[in-house]
Amino acid sequence: MRVEIWTDFACPWCYVGKARFEKGLAAFAHRDQVAVVHRSFELNPQAENGTVPIIDAVAAQYGRTREQQVAREAQAAAMAREVGLGFRIGGRVFGNTFDLHRLIHFARTRGRQTELMGLAFQANFAEERSVYDRDTQISLAVEAGLDDVEARAVLDDPDAFAEEVRADERMATDLGVAGVPFFVLNQRYGVSGVQSPEAFTRALDQAWADRSAA
């Protein structure tokens with residue numbers, strides 16, 4: 001059975017949702033027969049890299065006050081800590097995730113996609129390192145087990161794995177995905193948002209039962 005997950009690295013709910021899904025998957029009886037495919041989604045495809053604090057940028061984007069956005073960050077932090085994730089508030093900056101998504105697709109060809117995704121989420125939310133910085137991206141790639149020279153070559157070529165990212169985003173559009181995280185189980189069931197681990201396990205059970213029946 002295959003599970004496809006659309007996420008963006010700037011999304012705190014994706015960070016939490018990924019961890020909750022993994023807990024739900026760990027409780028699923030047939031977890032060793034599940035292939036997880038991570039797909040790209042950009043929340044802010046027009047974003048430019050810079051030094052604007054994420055709190056100010058997102059508050060402006062959605063018409064919230066800074067206090068309201070800080071409260072949402074605190075909510076996400078509490079949810080992250082419930083599943084054992086680190087989460088700092090206030091130090092992240094706003095940026096464009098397209099190059100990081102390209103690097104993730106490269107990592108998939110080397111069997112290191114899951115490792116790089118985990119490190120990228122941790123760097124952004126738990127360590128407040130700018131994942132939009134090229135040196136940080138290379139460092140994360142090497143830490144995930146990728147070759148330094150190959151990773152640099154991917155980032156140096158703006159066309160490398162760009163179509164793979166765009167294909168994921170077109171697929172999301174065709175499915176009507178408006179926000180992330182978004183999970184598709186066995187190309188049949190859609191699960192949106194940050195669900196509980198138990199809810200993910202139930203969804204996996206249902207998808208598996210329907211697969212067996214079919």
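In what follows, residues are counted from 1 in the order of the sequence shown.
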Check whether [X] reaches the backbone of [Y] with its side chain - one donor and one acceptor, N or O, closer than 3.5 Å.
X: D147; Y: E150; value: yes
X: E128; Y: G91; value: yes
X: N96; Y: P45; value: yes
X: N186; Y: M1; value: no

Original post:
Do any pairs count as a side chain to side chain donor-acceptor pair (under 3.5 Å) and have a residue in residues 18-28, sequence neighbours left out, and if so which ones?
Top reply: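 Non-adjacent pairs meeting side chain to side chain donor-acceptor pair (under 3.5 Å): K18-E22.
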Original post:
Do R211 and R188 pass the side-chain contact (heavy atoms from CB on, under 4.5 Å) test, and can you show the C-alpha distance, the side-chain angles, and the key distance before you say yes or no?
Top reply: CA-CA 10 Å; R211 166 193 173 279; R188 186 171 183 180; over 6 Å; no
Original post:
Which pairs pass ring pair (Phe, Tyr, Trp, His ring centres under 6.0 Å) with one or both residues in residues 133-156, sequence neighbours excluded?
Top reply: none
**OP:** Could you note down all residue pairs passing ring pair (Phe, Tyr, Trp, His ring centres under 6.0 Å) where residues 33-85 supplies at least one of them, sequence neighbours left out?
**Re:** none
Original post:
Which class fits the ring pair F9 and F121: parallel under 30°, tilted 30 to 60°, perpendicular over 60°?
Top reply: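 Rings of F9 and F121: tilted, as their planes differ by 30° to 60°.
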**OP:** Taking only Lys NZ, Arg NE, NH1 and NH2, and the carboxylate oxygens of Asp or Glu, determine whether D205 and R202 approach each other closer than 4.0 Å.
**Re:**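 No.
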Original post:
Is the closest basic N to carboxylate O distance between E4 and R2 below 4.0 Å?
Top reply: yes
Non-hydrogen atoms of [X] and [Y] that approach each other most closely:
X: N124; Y: A10; value: ND2-CA, 4.1 Å
X: F200; Y: G24; value: CB-CA, 4.3 Å
X: F183; Y: G17; value: CZ-O, 3.9 Å
X: I55; Y: Q69; value: O-CG, 3.5 Å
X: D157; Y: R102; value: O-NH1, 2.8 Å
X: A172; Y: W6; value: CB-NE1, 3.6 Å

Original post:
Could you go step by step and tell me if R129 and L140 meet the side-chain contact (heavy atoms from CB on, under 4.5 Å) rule?
Top reply: CA-CA 11 Å; R129 296 162 60 192; L140 292 172; 4.0 Å; yes
Original post:
In terms of side-chain heavy atoms, does D133 have a donor or acceptor partner in S130 at a distance below 3.5 Å?
Top reply: no
Original post:
Looking at side-chain heavy atoms only, is the closest gap between L116 and F106 below 4.5 Å?
Top reply: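 No, their side chains stay 4.5 Å or more apart.
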Original post:
Under a 4.5 Å cut-off applied to non-hydrogen side-chain atoms, are Q68 and T65 in contact?
Top reply: yes
Subject >> Residue of the set V34, L25, V184 for which side chain to side chain contact (heavy atoms under 4.5 Å, CB included) holds with V3 >> reply: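 Among the candidates, only V34 passes.
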Under a single-linkage definition using a 4.5 Å side-chain heavy-atom cutoff for Ile, Leu, Val, Met, Phe, Trp and Tyr, are [X] and [Y] assigned to the same hydrophobic cluster?
X: V191; Y: V177; result: no
X: V131; Y: L103; result: yes
X: I54; Y: L100; result: yes
X: W13; Y: F182; result: no
X: L43; Y: V194; result: no

Subject >> Summary of salt bridge (charged side-chain N to carboxylate O under 4.0 Å, His left out) pairs that have at least one residue in residues 53-63, sequence neighbours excluded >> reply: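 The answer is D56-R66.
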Extract all donor-acceptor atom pairs below 3.5 Å that involve side chains of residues 78-88 and protein atoms in other chains or at least two apart in sequence.
residue	atom	partner	partner atom	Å
R81	NH2	F87	O	2.7
R88	NE	A126	O	3.1

Pairs of donor and acceptor atoms involving the side chains of residues 159-168, under 3.5 Å and at least two apart or interchain, shall be tabulated with distances.
residue	atom	partner	partner atom	Å
E163	OE2	R170	NH1	3.4
E163	OE2	R170	NH2	2.3
R166	NH1	E42	OE1	2.8
R166	NH1	E169	OE1	2.9
D168	OD1	R39	NH1	2.9
D168	OD2	S40	N	2.9
D168	OD2	H105	NE2	2.9

**OP:** Using the side-chain contact (heavy atoms from CB on, under 4.5 Å) rule, take H30 and L204 through it: C-alpha gap first, then chi angles, then the decisive distance, then the call.
**Re:** CA-CA 9 Å; H30 306 285; L204 289 163; over 6 Å; no
